[in-house]
Amino acid sequence: MEPTTTTLPNCRSLPAGEPVSPPPRRSLLAGEPLACVAKAVITLLLLALSLTTNAQELTASVDRNELAINETFTLTLRYSGSQRGGQPDFDLLEQDFEVLSRQQSNQYRVINGHAESFVEWTVILAPLKEGKVFVPSLHLHGQISDAIPITVNKAGQTPSGDNRQAFLEVELDKDKLHVQEQLLVKVRLYTTVGLHDIATDPLQIRGAHVEKVDEQRYERRIKGVGHAVYELTYAVFPESSGELQIPALNYVAVTGRRDPFSLFNRNAQRIRLRSEAKSIQVEPKPDSYSGSHWLPAASLGLVQSWSKDPEEFKVGEPITRIITLRAEGLRAAQLPPLPKLNMEGLKTYPDQPQQEDQPGMNGITGSRIETTAIVATKPGSYQLPAITITWWDTKNGRQRATQLPAFRFNVSGAPVVNSAAPGAANLPSAQTPITKKVEPGFWQKIAIAAIASHLFWIFYFFYIQKRTGKAPRTRTKLKTKMVDKDRLLDIIREGSPQEIQLDMRNWIGERWPEVGSLSINDAAQQLNISELKQISQLLHDTIYKEPPKPLNRHQLRILTERLVNVENHFSSEPNQLPSLFNG
């Protein structure tokens, strides 16, 4: 990498024996050395500020961090700075990798009115040694990318039929398993020739639930010959014990290069590939297991969060408790409901639980989120009991328990008085005027006046609706919506992702009652509002993704304000509903 040269204005250095012609300049005063030093300091500060400002202009990423010694992976390097020309020193990669190919592209795009341009390099790399290696940091225009760790394993066993131009391989991640435990089935298509028009039926197994969770394309060398690999990963959950049969899979493809200008391609050949059938023994639930629900998982965790600071609980104010149960290797439908909270002095209002399955390279991670609003009716000290979930550790083959510790909090304020007492106390005085001191016709006159007033407003309402074709809207309702919007924006600015998700779901349910019981994602699909779909994706990546993605609060605030405008448009035009609800 070439060193960076910084030129200091009006300062010269004359090496011995090397004639240098000074550039034409004005005459300097006697204080030239001091002025030269000051200018040098200012220049260095500006350079350091420039480097700090553009610290994220060069980024590097890979399509996977773990592979075998005979496989390849893709490195993507992106530069979004203002300087043009040049390229990183890719020779640094040759210490641990073989550079198979490299491509450069210049891109310009506009997303939501924001324009961005960048230069992107795509590099195909093959590791040269096993173990833990790093994609080194690369430099460009003073920017430095992050180093990326790569785990290189030993070469896998050579599949049978490696001399053929194309063949299939089926691999199971376990030799045996228990009922309802996740089994990963990897189906790989190897080829040394071009294939197109590939067709296959999805994997279906009798007596098991099957879901496709991952899809990858990479290259693997077998006896020195490069093979393109197309890999599909399925998560299989057997529903009963006994022998589980993985049926043979059939692939149909066409070899050779497709000619779009010819109806007949003489060099093409239609081939049929068939994999080998597999079988695996499924064992029943162990007799030693003592849990109330059978939960075979690779890992299981419980997380609790609150909508407010636990030190600020007050009588009569609702507090939202959110508990997330997440298990790797289990579907959300397999997760049990959490114990209900029943304590004297606390009223609970549980919400509809949310269930979500997140597919990935390691199969399915199921999540169950239970939200409960808690209202204290009297002050004091409360302790919520611990929650313990017993499960079966499939990695170590033993029973384990995950516990959410007991939670203690204090509630301040005056106790809530029974609303019936004041009414009972005032009953005699309310009845006395009727029977003794008030004329018999007085209340009848009040009732007639009230009925007449209601009839007047009903006729007025229908008159306005008939004349304008719109229902009148009160200022009070609009004012309430503005307050709701401000509270929601405050939560987006300062609240946790779980608090934002809860308030956003409640806000959507109030504005669109027809989707009040649905999750944010389901409501977005039903309402077909793009802003709501983007909000759902942002919250999903932050709360459920592993590792979690940082929440972009600025983008979330902009999307929410747009969503409010969409909602206000629907509210101000009652007859202009989304196309989903038009008859």
Side-chain angles (χ1 to χ4, degrees), residues 66-68 151 153-161 167-190 200-216 229 231-250 274-301 325-336 357-366 389-402 546:
E66 185 173 358
L67 65 155
T151 301
N153 301 319
K154 295 182 180 180
Q157 184 178 2
T158 302
S160 60
F167 54 90
L168 291 175
E169 175 192 39
V170 177
E171 178 183 326
L172 310 182
D173 71 327
K174 301 173 183 176
D175 297 329
K176 61 180 180 179
L177 72 160
H178 290 90
V179 61
Q180 297 181 4
E181 180 181 342
Q182 175 181 264
L183 171 69
L184 294 182
V185 179
K186 295 182 180 292
V187 182
R188 300 187 184 98
L189 169 62
Y190 293 83
T200 182
D201 295 330
L203 177 62
Q204 295 181 351
I205 302 176
R206 184 185 300 272
H209 178 85
V210 182
E211 289 189 29
K212 188 180 82 170
V213 294
D214 192 35
E215 178 179 345
Q216 291 193 27
V229 184
E231 179 182 279
L232 294 176
T233 303
Y234 296 91
V236 179
F237 298 87
E239 298 172 351
S240 59
S241 59
E243 189 177 44
L244 184 67
Q245 296 289 339
I246 312 296
L249 297 175
N250 294 316
R274 182 177 177 85
S275 68
E276 181 182 358
K278 297 275 188 177
S279 64
I280 187 172
Q281 187 66 28
V282 179
E283 300 180 353
K285 180 179 68 173
D287 296 334
S288 60
Y289 185 76
S290 61
S292 58
H293 295 84
W294 171 239
L295 300 174
S299 64
L300 186 142
L325 173 61
R326 181 179 293 111
E328 180 183 351
L330 283 178
R331 295 179 294 132
Q334 297 174 264
L335 300 179
D357 289 332
Q358 182 178 356
M361 295 179 58
N362 296 324
I364 291 179
T365 299
I389 303 295
T390 303
W391 56 286
W392 182 263
D393 187 349
T394 58
K395 292 183 178 179
N396 300 308
R398 64 186 182 92
Q399 178 176 314
R400 297 186 61 182
T402 298
E546 292 293 342

- prompt: In chain order, what residues pass the side-chain contact (heavy atoms from CB on, under 4.5 Å) check against Ser279, with sequence neighbours excluded?
  reply: Glu243, Gln245

- request: Report the residues that fulfil side chain to side chain donor-acceptor pair (under 3.5 Å) with Ser275, sequence neighbours left out, ordered by chain and then residue number.
  value: none

Pairs involving residues 206-216, ordered by first then second residue, that meet salt bridge (charged side-chain N to carboxylate O under 4.0 Å, His left out) (sequence neighbours left out): Lys212-Glu215

message: Holding to side chain to side chain donor-acceptor pair (under 3.5 Å), I want the full list of residues that pass it with Glu328, two or more places apart in sequence or in another chain.
response: Ser299

task: Would you give the length of the straight line joining atom CG of Leu232 to atom CG of Leu189, rounded to the nearest 0.5 angstrom?
output: 9.0 Å

- request: With sequence neighbours excluded, give me every salt bridge (charged side-chain N to carboxylate O under 4.0 Å, His left out) pair touching residues 171-180.
  value: Glu171-Arg188, Lys174-Glu181, Lys176-Glu283

field: Considering all heavy atoms, the nearest Val170-Lys278 contact
entry: O-CE, 3.2 Å

statement: Closest heavy-atom pair, Val185 versus Leu172, reported as atoms and distance to 0.1 Å, is CG2-CD2, 3.6 Å

field: Residue pair Leu295 / Tyr289: nearest heavy atoms and the distance that separates them
entry: N-OH, 3.7 Å

query: Ala297: what forms a side-chain contact (heavy atoms from CB on, under 4.5 Å) with it, not counting sequence neighbours?
result: Ala327, Leu330, Trp391

task: Please list, chain by chain and in numerical order, all residues satisfying side chain to side chain donor-acceptor pair (under 3.5 Å) with Thr394, sequence neighbours excluded.
output: none

Using atom types as modelled, flag every donor-acceptor pair under 3.5 Å from a side chain in residues 234-241 to any protein atom, sequence neighbours excluded.
none

- prompt: Looking only at heavy atoms, what is the nearest atom pair of Gly301 and Thr402, with distance?
  reply: CA-CG2, 4.2 Å

task: List the steps and the verdict of side-chain contact (heavy atoms from CB on, under 4.5 Å) for Gln180 and Lys285.
output: CA-CA 9 Å; Gln180 297 181 4; Lys285 180 179 68 173; over 6 Å; no

field: Straight-line distance of Thr233 OG1 to Leu184 CG, nearest 0.5 Å
entry: 7.0 Å

statement: Residues Arg326 and Thr365: closest non-hydrogen pair is CG-CG2, 3.5 Å

task: Before giving the answer on side-chain contact (heavy atoms from CB on, under 4.5 Å), spell out for Glu66 and Asn153 the whole-Å C-alpha distance, their side-chain angles and the decisive distance to 0.1 Å.
output: CA-CA 8 Å; Glu66 185 173 358; Asn153 301 319; 3.0 Å; yes

statement: One should read off an interatomic distance between Thr200 OG1 and Asn250 CG, to the nearest 0.5 angstrom, of 7.0 Å

- prompt: Is a side-chain N or O of Gln399 found less than 3.5 angstrom from the main chain of Ser290, in a donor-acceptor match?
  reply: yes

query: How far does CD1 of Ile280 sit from CG of Leu244, to the nearest 0.5 angstrom?
result: 7.0 Å

message: Applying salt bridge (charged side-chain N to carboxylate O under 4.0 Å, His left out), can you list everything that pairs with Arg400, at least two apart in sequence or on another chain?
response: Asp393

- prompt: Mind checking what makes side chain to side chain donor-acceptor pair (under 3.5 Å) contact with Gln281, not counting sequence neighbours?
  reply: none

- prompt: Can you tell me how far CG of Leu335 sits from CG of Leu325, rounded to the nearest 0.5 angstrom?
  reply: 5.0 Å

statement: Taken in chain and number order and not counting sequence neighbours, the residues that satisfy side-chain contact (heavy atoms from CB on, under 4.5 Å) with Pro286 are His178, Ser288, Trp294, Trp392

